[in-house]
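For reference, the structure discussed in these notes is given below.
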Amino acid sequence: MARERPIEKVRNIGIMAHIDAGKTTLTERILYYSGRVRRMGEVHDGAAVMDWMDQEKQRGITITSAATTCYWLDHRVNIIDTPGHVDFTVEVERSLRVLDGAIAVFCGVGGVESQSEAVWKQADEYGVPRLAFVNKMDRVGADFWRAVDMMVERLGAHPVPVQFPIGAGEDFDGVVDLVHMKAIRYDQKSLGAEFVEEEIPEEHAADAERLRASMIEQSVEADDELFEKYVHGDALTDEEIVRALRKATIGGKIVPVFCGAALKNVGVQRILDGVVDYLPSPADIPPVTGTNPYTEKDETREADDEKPVAALAFKIASDSYVGRLTYLRMYSGTLRKGDQLLNPRTEKKERIGRILLMHANKQEDLTEAHSGEIVAVVGPKSTGTGDTLCDVKKPITLESMVFPEPVVSVAIEPKTKADEDKLSQALARLSDEDPTFVTRTDDETGQLIISGMGELHLEVLTTRMLREFGVRANVGKPMVAYRETITEAAVASGQFIRQSGGKGQYGDVKIRIEPLADGGFEFVDEVRNGAIPREFIPAARHGIESAMENGILAGYPLVDVKVTLLGGSYHDVDSTDIAFRAAGSIAFREAAMKAHPVLLEPILEIEIVVPEQYVGEVIADLNARGGRIEGTRVRGDARIVDATVPLGRMFGYATAIRSLTQGRASYTTQFARYAMVPPDKQERIMSGWGWT
């Protein structure tokens, strides 16, 4: 079956922003104007199509990225609406990995906020071309130009307005289109579906001419032919301006900026036009690069239906009707129902039972999927997030995804014997879906520990256990995911010698450990003259890594260390892998005790928006929590307080700040780094008392 539309008429986009900037509301309008839904759902009344989970409806926030497809100007637009809350940042990360373009939504009042910066950096990492949409221009205090300036100051972006607003706040009355030089006003009786184009009001005409000239000047630099035409003073047609803007956007040179008010149905159609005009199709993106798992040589796959299949599994989800769903980005080839694909990581073949086009939690069956498309499939059982599925005869491993380490943990136990099996099934399903949700059993206490990206993350997951899996469980208080490290270099030996009549055990290693400034773990083999046979060195390394997992001071993982294997000795008969593994573990623990080990704690960056009269109370409270004030800024009639605070002091902060400011402050946090615990607090944490 031929593909529905040429690949040049496909757009894969994400909608990303700070929490409450209006991403989901914008998506709902896009679906309405494109004819995908018959009525607009609203986030505030729990009726948004894309926020389909019960908890999303109740909380009024997006928790899981939702995929949908709509059609605009004869183009197929695949959209992923991503969460804005930092606890669900993995959803943004894996979406940006497979998207070709994005719309970054900014609040006209708040401008660039902390989570806006985080998702922008993620998009920078993946080189995703972007449009910017300054939303909520109808709100009191909205300032389009301040938001544009903040994109430069806080994001290091190169924003180029292709529109500007007519008025702001209560006076917001449409937009000026700088490409076609028209004023656009939207009819609220038709819910913004109808609009009129008219001449630009006289009071805005001079600004429009100046801004249009600036827009053209900044965009033609990406197109040599149009640049020559421009410098020779020849006028550019509207089509040529669109071509220049498109080339500069795809090349990452500029970010076209739109404006509107999604909730009031203003400006949405023009941002859809921008998606078609300025964002890339899969054919505009360089061929994806991967590695042949057998030859270990780099290979590429072009976005071509005739090439071998290469697809990336970027999300796993459970569906009550169809079971386990694997979301795929098709990079090359044509996938048909019933095909068998190879997972190079597991070396297993996976049969594709069904191919589905997703619309939030609803599905539409397809017979095949083509290069450049985003679909979900039913059938793969052992494929995880970040795995490649490819042609069995032409294997390739695409670059996988790296996810952040969890920073908050809680103990969980089933209430009854009947809940035990349900709990293990629920945990397996949830950790399958979410790579940042980790479960383990504490070696000392035997407790089951679940870990995630924050209090809200774990709260949502434990609520899902009850609602979706019927698990009744007791959940403990949140615990901080501390780490350990060393501050000095040290040398130590480790011996494991056992003699019990028959064959004995003999392993002897000598190592040097030192702090690793760049972070991570580095192992260096400096064994000379066969002091340790080559076959025992991996076992010694394995023992060292095992010892690192349980730390020295309080059993937390030990990180940021370089280990050099200096030498040792062996026995012709008694030396074994087990003996050298044990010797490596003993040597590491001995060296670490000499190397002045310390505890590390996760530090959060916090941005608090607070009315001026409460700034003193908020700063005093942060200081009492061991926080460090990085600075304050003025935003409208409020003050922004930027600070860093130990995670261990932030549990229950939502309640505390509501009390301090009579519910008038808001805040966002994100993980910043690990830092050394102050010496006077280290003993309390090691003894289990925590940061008090």
Side-chain angles (χ1 to χ4, degrees), residues 11-17 21 26 77 96 99-106 108 111-112 116-117 119-135 137 144-165 175-181 207-231 235-260 267 270-286:
R11 300 288 183 272
N12 295 313
I13 68 163
I15 300 185
M16 62 184 206
L26 177 63
V77 183
L96 288 172
L99 293 171
D100 302 326
I103 301 172
V105 183
F106 300 96
V112 176
S116 307
E117 291 186 67
V119 295
W120 194 271
K121 285 174 186 170
Q122 288 172 311
D124 279 343
E125 279 181 39
Y126 292 117
V128 178
R130 276 145 279 178
L131 308 179
F133 182 68
V134 180
N135 193 21
M137 286 305 304
F144 176 77
W145 297 110
R146 186 166 58 82
V148 172
D149 289 342
M150 290 177 78
M151 289 179 215
V152 178
E153 293 162 12
R154 299 193 65 175
L155 304 176
H158 187 183
V160 174
V162 295
Q163 295 179 341
F164 69 88
V175 300
V176 172
D177 182 336
L178 295 171
V179 176
H180 302 99
M181 289 300 276
D207 285 339
E209 289 292 346
R210 175 178 56 80
L211 291 165
R212 177 182 165 90
S214 174
M215 174 189 74
I216 294 171
E217 185 178 326
Q218 294 177 81
S219 59
V220 294
E221 292 180 11
D223 190 306
D224 292 342
E225 181 186 332
L226 295 180
F227 182 74
E228 284 293 319
K229 189 173 179 180
Y230 173 75
V231 295
L236 301 185
T237 65
D238 291 356
E239 290 74 20
E240 287 174 328
I241 294 170
V242 168
R243 183 179 113 191
L245 285 165
R246 176 180 179 79
K247 198 162 185 180
T249 304
I250 293 173
K253 309 284 188 193
I254 65 168
V255 177
V257 185
F258 295 76
C259 61
R270 277 296 196 265
I271 191 78
L272 265 173
D273 293 346
V275 167
V276 168
D277 288 341
Y278 308 133
L279 290 181
S281 75
D284 296 315
I285 300 297

Under 3.5 Å, side-chain donor or acceptor atoms of residues 247-258 against the rest of the protein: list the pairs with distances, not counting sequence neighbours.
| unit_1 | atom_1 | unit_2 | atom_2 | d |
| --- | --- | --- | --- | --- |
| T249 | OG1 | L245 | O | 2.6 |

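- Residues D177 and R270 are paired through a salt bridge, judged by an N-O separation under 4.0 Å between the basic side chain and the carboxylate.
- Proximity of V160 to S219: side-chain heavy atoms (C-beta onward) are nowhere separated by under 4.5 Å.
- Taking each heavy atom of F133 and G267 in turn, the nearest pair found is CE1-O, 4.0 Å.
- Taken to the nearest 0.5 Å, the CG atom of L211 stands 5.5 Å off from the CG atom of L178.
- No side-chain heavy atom of Y278 sits less than 4.5 Å from a side-chain heavy atom of P129.
- Within the 4.5 Å cutoff, side-chain heavy atoms of I271 are placed close to those of L26.
- Nearest heavy atom pair, residue R212 against residue D238, reads NH2-OD1, 3.8 Å.
- Counting only distance, with no hydrogens or angles, the side chain of D223 and the backbone of V220 share no donor-acceptor pair below 3.5 Å.
- Contact check on R146 versus D149 returns no salt bridge, with no Lys/Arg side-chain nitrogen under 4.0 Å from an Asp/Glu carboxylate oxygen.
- Proximity of a side-chain donor or acceptor of E240 to a complementary backbone N or O of L236 within less than 3.5 Å is not detected.
- A cation-pi arrangement, defined by a distance under 6.0 Å to the six-membered ring centre and an angle within 45 degrees of its axis, is absent between R154 and W120.
- Residues M181 and E209 form a side-chain contact, since some pair of their non-hydrogen atoms from C-beta on lies under 4.5 Å apart.
- When side chains are defined from C-beta on, V275 counts as touching L131, because their heavy atoms get closer than 4.5 Å.
- No donor-acceptor pair closer than 3.5 Å links the side chain of R11 to the backbone N or O of V77.
- Side chains of F164 and V134 form no contact here, defined as non-hydrogen atoms less than 4.5 Å apart.
- Between Q163 and V179 the shortest side-chain heavy-atom distance does not fall below 4.5 Å.
- Side-chain contact check for F227 versus V231: some heavy-atom pair is nearer than 4.5 Å.
- By the 4.0 Å N-to-carboxylate-O rule, K229 lies too far from D224 to be salt-bridged with it.
- Taking 4.0 Å as the cut-off between side-chain N and carboxylate O, E225 and R243 count as a salt-bridged pair.
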